[in-house]
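Below you'll find the structure, written out as C-alpha cells, and then a few comments.
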Amino acid sequence: MEKPKTEKPTQVINDLSTNDSKREIDKSDNDAILHALAKALRKLPLNDTASLYDHYFEDTYAMLTRRFSGQLEAEVIELAADRYFTKAVDLRTGMPKPSVYSPVGVFHDVFAEALAEWEAGRFKKKYV
C-alpha cells in the first residue's frame with residue numbers, strides 16, 4: 001500500500017449511497033405497513049385478555065417481510081385480518097378456535113389469499 005504524502009491526510013467519510021435515498025422512501029412505506037399491521041393484530045383475539053398484537057406482532061412482521069418481500073400493502077393486511085377473523089375466531093365466543101396452533105402460520109395463509117384477492121381486484125379495476 002502506498003504511503004500518504006502528508007502526515008495527517010484528510011479522511012473523507014462518505015457512507016451515503018444511492019440506496020440511502022431509497023431507504024428513506026421505504027421508511028415511510030414501512031411505517032404505514034407497521035401501523036396497518038398493529039391496528040389489524042390489535043383487533044384479533046389471542047385469548048380473553050390478549051390480542052395477537054401483544055404476543056405475535058414481531059413474529060408476524062418478520063414472517064411478512066421474509067415471505068412477502070416487496071408485496072406488503074396496508075390494504076392487503078386489512079383484508080388478511082378480516083380473513084383471519086373469519087377462519088380462526090369462533091363467532092359465538094369471540095375467541096380463537098382450538099384448531100389454531102400457529103397464529104403466525106394462519107396469518108401467512110390468509111395474507112397469501114388476501115394478496116391474490118387484492119391483485120385480482122386491482123386487475124379488474126384497471127382492465128374491466
Side-chain angles (χ1 to χ4, degrees):
M1 186 167 195
E2 193 176 306
K3 274 191 142 184
K5 295 180 182 175
T6 62
E7 282 186 35
K8 293 185 180 180
T10 57
Q11 292 184 346
V12 177
I13 300 175
N14 185 3
D15 60 352
L16 296 175
S17 70
T18 55
N19 291 334
D20 290 335
S21 61
K22 291 178 186 173
R23 279 190 207 119
E24 286 301 316
I25 293 169
D26 291 344
K27 189 176 182 182
S28 63
D29 291 342
N30 196 33
D31 286 347
I33 298 300
L34 287 168
H35 284 293
L37 184 61
K39 183 180 176 183
L41 294 183
R42 282 188 179 111
K43 293 178 184 177
L44 300 172
L46 179 63
N47 54 41
D48 58 347
T49 59
S51 68
L52 286 184
Y53 176 81
D54 298 328
H55 295 279
Y56 291 104
F57 177 72
E58 295 88 355
D59 294 335
T60 305
Y61 180 70
M63 176 274 299
L64 289 173
T65 56
R66 276 193 317 269
R67 303 286 188 207
F68 300 99
S69 179
Q71 298 176 307
L72 297 179
E73 296 287 339
E75 293 174 38
V76 180
I77 291 173
E78 292 171 18
L79 286 171
D82 291 343
R83 286 180 166 274
Y84 184 98
F85 192 85
T86 303
K87 284 188 174 190
V89 176
D90 184 345
L91 299 179
R92 290 179 297 125
T93 63
M95 293 292 108
K97 294 177 181 174
S99 61
V100 177
Y101 292 106
S102 172
V104 176
V106 174
F107 203 86
H108 173 274
D109 294 342
V110 296
F111 188 87
E113 293 170 7
L115 184 60
E117 178 184 337
W118 181 75
E119 288 173 347
R122 280 185 44 194
F123 177 84
K124 186 177 177 182
K125 286 178 187 176
K126 189 175 181 179
Y127 294 109
V128 177

| request: Please report the shortest heavy-atom distance between A88 and V100, naming the atom on each side. | output: CB-CG2, 3.6 Å
| message | How close do A32 and A74 get, counting heavy atoms only, and between which atoms? | response | O-CB, 4.4 Å
| request: Kindly check if the number of other-residue, nucleotide or ligand heavy atoms within 6.0 Å of CD (E75) is above 12? | output: no
| field | CD-CD distance between E73 and E119, expressed to the nearest 0.5 angstrom | value | 9.5 Å
| query | Just by modelled atom types, is the S51 backbone N or O under 3.5 Å from a matching donor or acceptor in the D54 side chain? | reply | yes
| remark: L52 and P103 have their tightest heavy-atom pair at CD2-CB, 3.6 Å
| field | Shortest non-hydrogen contact between L72 and F111, atoms and distance | value | CD2-CZ, 3.7 Å
| Counting only heavy atoms not in K39, do more than 12 fall under 6.0 Å of its NZ? | no
| task | Determine, for K87 against E113, whether the closest basic-nitrogen to carboxylate-oxygen distance falls under 4.0 angstrom. | result | yes
| Just one of L46, I77, T60 clears the side-chain contact (heavy atoms from CB on, under 4.5 Å) bar with L41, so which one? | T60
| F57 and Y53 aromatic ring geometry - parallel, tilted or perpendicular at 30°/60° bounds | tilted
| field | Separation of D29 CG from L34 CG (nearest 0.5 Å) | value | 11.0 Å
| remark: Correct closest heavy-atom pair for V89 and K97 would be O-CE, 3.7 Å
| query | Going by heavy atoms in the side chains, are F107 and D59 under 4.5 Å from each other? | reply | no
| So if you build clusters from Ile, Leu, Val, Met, Phe, Trp, Tyr with side-chain heavy-atom gaps below 4.5 Å, do V110 and L91 land together? | yes
| query | How long is the gap from CG on D109 to OH on Y84, to the nearest 0.5 Å? | reply | 11.0 Å
| field | Inter-residue atom distance E78.CD - W118.CH2, 0.5 Å rounding | value | 12.0 Å
| note | Between P45 and G94, the two heavy atoms sitting closest are CG-O, 3.2 Å
| query | Where do M63 and R66 land on the side chain to side chain contact (heavy atoms under 4.5 Å, CB included) test, with the steps shown first? | reply | CA-CA 5 Å; M63 176 274 299; R66 276 193 317 269; 4.2 Å; yes
